[in-house]
Amino acid sequence: MVRKAICGRLLEFTADPAEAGEENSYRYIADGAIVVEDGKIASIGPATDLPADMPVDHYGQALIMPGLIDTHIHYPQTRVIASYGAQLLEWLNKYTFVEEQKFADPDHAASAARFFFDELLRNGTTTAAVYCTVHPQSVEAFFTESERLNTLMIAGKVMMDRNAPDALTDNAERGAAESATLIEKWHGRGRQLYAVTPRFAVTSSEAQLEAAGALLREHPGVYMQTHLAENRAEIAAVREQFSWSRSYTDVYDRFGLLGSRAIVGHGIHLSDEEIARLSETGSTVAFCPTSNLFIGSGLFDMARLREGGVKVGLATDVGGGTSFSMLRTAAEAYKVLQLNNQNLPALKAFHLMTRGNAEALGLTGRIGTLEPGSDADITVLDASATRAMAHRMETVKGNLAEELFVLMTLGDDRATRATYVAGERLYCAGR
Ligand code: GUN
Ligand code: ZN
C-alpha cells in the first residue's frame, strides 16, 4: 500500500456552473492535500490534517486539479500540425493521408505514440479519445504505450474503405474483423477502452457503416467516434454518396452509430432536426476550436447545441487543431464563442476540461474530479508560469475566476507544473 499526499490549492467541480450557478459548482481548498493510495484518491482535505510522517509533494500556490481530458485527437497527426493553406478535404488528401501511411511501420507508430504521450502529459492531459490509423499496428503501438504509462485512454483503428489512398483503406469485412480483434484484446484491459472509429461517412461504404453498427451491438460498452458536419464540401459529398439520407446525422443514425457512447467531432453545420437526434440519442459533440479556425471550417454554436440538449465536449483535434494544450483550446473556444455573442466563463471552461468532458465520455466517478475513490489523475497548473502571466497575475487579488481566466487565456504547456497518472507523477516541469 503506497500512500502519499499532493499539497497546494485544490480545485474540482461538483456541478456544471451553467446549471448550478458558479458558486455552487466547485470545491476549493486553499491549503489542501490530496491523499493518494494505490492509484486512487483516498481523501481530500486541509493539509493541516495530514499525519506528520506522510510523504508529500508540495506545490505552494499552484492549482491542483483533476487531469485534463481531450475528447477528440489524432495521434498520427503530430507532424500534420501547421500544414498550410487547405480546407478539410484538400487538407486530408494533401497532408494527413500522406502522413498516416507511415503508420504501417510498427516502429514508426511506437515512436509517434511515445512523442504523443509525452506531449499530452506535459500539457496536463491525462485522458483522451484518440484516432489511430487504419493499420491495426498503429492501435497496438498506442495501447501498448498507454498501458505502460497506465493512462486511461479511449482509442480505435480508423475504418475507411473508399475515397482514400489504397494504402490507407481496408474493406467492410477486414475493417470489422481487425476492429473486433482489437476490441477483444484491449477494451477494458487495465485502463484502456476501445472506440469503433469509422473516420467519417465520406470514407466509408454503407457496408462498412453497417459493420461498424454491428460491432457496437456485439460489444456493448465500446465507444464510437467519427466526424460530423465539419465543412460544407464534406456535407455535400455525404449528401451525394448517401442520397437516401435525410441529413449527415441521419447517415450515422440509420446504421445505429449514435448513442450515449458516441463522440462526433465538430458538428458545426447542423439542422434543428439533426440536433434533436443527437440529443435524443445522448451523443456527444466534440467542439474543436483551434481546428475549426485553422482549417476554416466555421464557428461552433455551443449555445444552440446546449439549448437543444446535446452533450458538448471540448477537444484539440490535433493535427487539424494547432495545439496539444487544453488551455490554448479553451482560449480559442472563448474567442469562437465571442464571435457568436456567446461566452465561456473561466469556471465553465475548467469544468468542461475536467468533469464536463468526463461526463461527456461517460466516465464520471472514475476521472474528472478529486472525489475519493476516483482514479488519481491529477494536473498541477501555475497561472504565473510565464513572465507575461506573472505580470498579469499581479492585478489578480484572490479572485479564482479571474486567475483561471488568465490561466486559460495565456497558458500553455509552460503552465503545467506536474501531471500524475493513477497516482504516479509522470511529468514534472524542469526535470
Ligand atoms: N474528417 C475526417 N477526417 C478528419 C481528420 O483527420 N481531421 C479533421 N479535422 N476532420 C476530419
Ligand atoms: Zn478529427
Side-chain angles (χ1 to χ4, degrees), residues 70-103 112 116 128-135 138 142 154-165 168-170 175 195-205 208-209 212 223-238 241 248-249 251-252 257 262-270 284-300 313-324 326 329 332 336:
D70 185 343
T71 57
H72 180 124
I73 186 166
H74 301 255
Y75 103 84
Q77 294 179 14
T78 55
R79 285 196 170 123
V80 178
I81 301 180
S83 293
Y84 178 76
Q87 296 220 342
L88 179 64
L89 300 177
E90 187 194 355
W91 175 87
L92 283 171
N93 284 300
K94 195 167 164 183
Y95 303 115
T96 305
F97 289 168
V98 176
E99 190 64 23
E100 292 194 5
Q101 293 184 42
K102 298 175 186 164
F103 287 72
F116 179 83
V130 182
Y131 289 63
C132 302
T133 66
V134 74
H135 316 95
S138 75
F142 181 83
I154 300 168
K157 174 199 124 73
V158 162
M159 301 164 82
M160 45 182 178
D161 65 354
R162 62 171 161 175
N163 294 325
L168 277 190
T169 49
D170 51 18
V196 171
T197 309
R199 181 176 212 115
F200 66 155
V202 175
T203 47
S204 285
S205 64
Q208 180 155 76
L209 297 177
Y223 289 82
M224 194 291 298
Q225 58 184 353
T226 190
H227 296 83
L228 172 68
E230 175 178 8
N231 164 285
R232 303 255 181 223
E234 169 209 17
I235 295 166
V238 172
Q241 287 173 219
Y248 195 162
T249 302
V251 173
Y252 297 140
L257 301 185
I263 312 148
V264 298
H266 308 293
I268 299 170
H269 311 284
L270 295 169
T284 287
V285 175
F287 172 21
C288 309
T290 73
S291 169
N292 298 162
L293 294 170
F294 184 75
I295 316 186
S297 303
L299 300 177
F300 183 77
L314 185 65
T316 62
D317 192 30
V318 161
T322 49
S323 175
F324 288 90
M326 288 301 293
T329 301
E332 299 310 288
V336 165

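Order of listing sets the numbers, starting from 1, for every ligand and every atom in it. In what follows, residues are counted from 1 in the order of the sequence shown.
The protein heavy-atom contact nearest to atom 6 (O) of ligand 1 is Arg199 NH2, 2.8 Å. For atom 10 (N) of ligand 1, the closest non-hydrogen atom of the protein is Glu230 OE1, 2.7 Å. Nearest protein heavy-atom contact of atom 1 (N) of ligand 1 is His227 CG, 3.4 Å.
Side chain of Thr226 to main chain of Arg199: a donor-acceptor pair is present (N/O by atom type, distance under 3.5 Å, no hydrogens or angles). Gln225 places no side-chain N or O within donor-acceptor distance of the main-chain N or O of Ala195, the cut-off being under 3.5 Å. Counting only distance, with no hydrogens or angles, the side chain of Tyr95 and the backbone of Ala82 share no donor-acceptor pair below 3.5 Å.
Taking the Zn ion (ligand 2) as the corner point, the angle from His72 atom NE2 to His227 atom NE2 is about 90° (rounded to 10 degrees).
Atoms of ligand 1 lying under 4.0 Å from at least one heavy atom of Leu88, given by number and element, are 1 (N), 8 (C), 10 (N), 11 (C). Every atom of ligand 1 is numbered from 1 in the order shown, and the set under 4.0 Å from a heavy atom of Phe200 is 1 (N), 2 (C). Within the listing of ligand 1, atoms 5 (C), 6 (O), 7 (N) sit less than 4.0 angstrom from a heavy atom of His74.
Classification of the Phe287-Phe300 ring pair by plane angle, with boundaries at 30° and 60°, yields parallel. Taking the six-membered ring for Trp and thresholds of 30 and 60 degrees, His74 and His227 have nearly parallel ring planes, at less than 30 degrees apart.
Shown here for Thr290 and Thr322, the closest heavy-atom pair between the two residues is OG1-N, 2.9 Å. Ala315 and Thr71 get closest at one heavy-atom pair: CB-OG1, 3.4 Å.
Of the polar atoms of Trp91, none of the N or O atoms is found under 3.5 Å from an N or O of ligand 1, judged by distance alone. Polar contact check, Asp317 against ligand 1: a nitrogen or oxygen pair lies under 3.5 Å apart. Residue Gln77 places at least one N or O, backbone or side chain, under 3.5 Å from an N or O of ligand 1.
Contacts with ligand 1 closer than 4.0 Å are made by no heavy atom of Val202, backbone or side chain.
Considering just the N/O/S atoms of Asp317, the one nearest the Zn ion (ligand 2) carries the name OD1.
Residue side and main chain included, Cys288 places no N/O/S atom under 2.8 Å of the Zn ion (ligand 2).
Under the 3.5 Å distance criterion, with hydrogens and angles disregarded, no donor-acceptor pair is assigned to the side chains of Asn292 and Glu332. At a cut-off of 3.5 Å, with distance as the only test, a side-chain donor of Asp317 or His266 sits close to an acceptor on the other residue.
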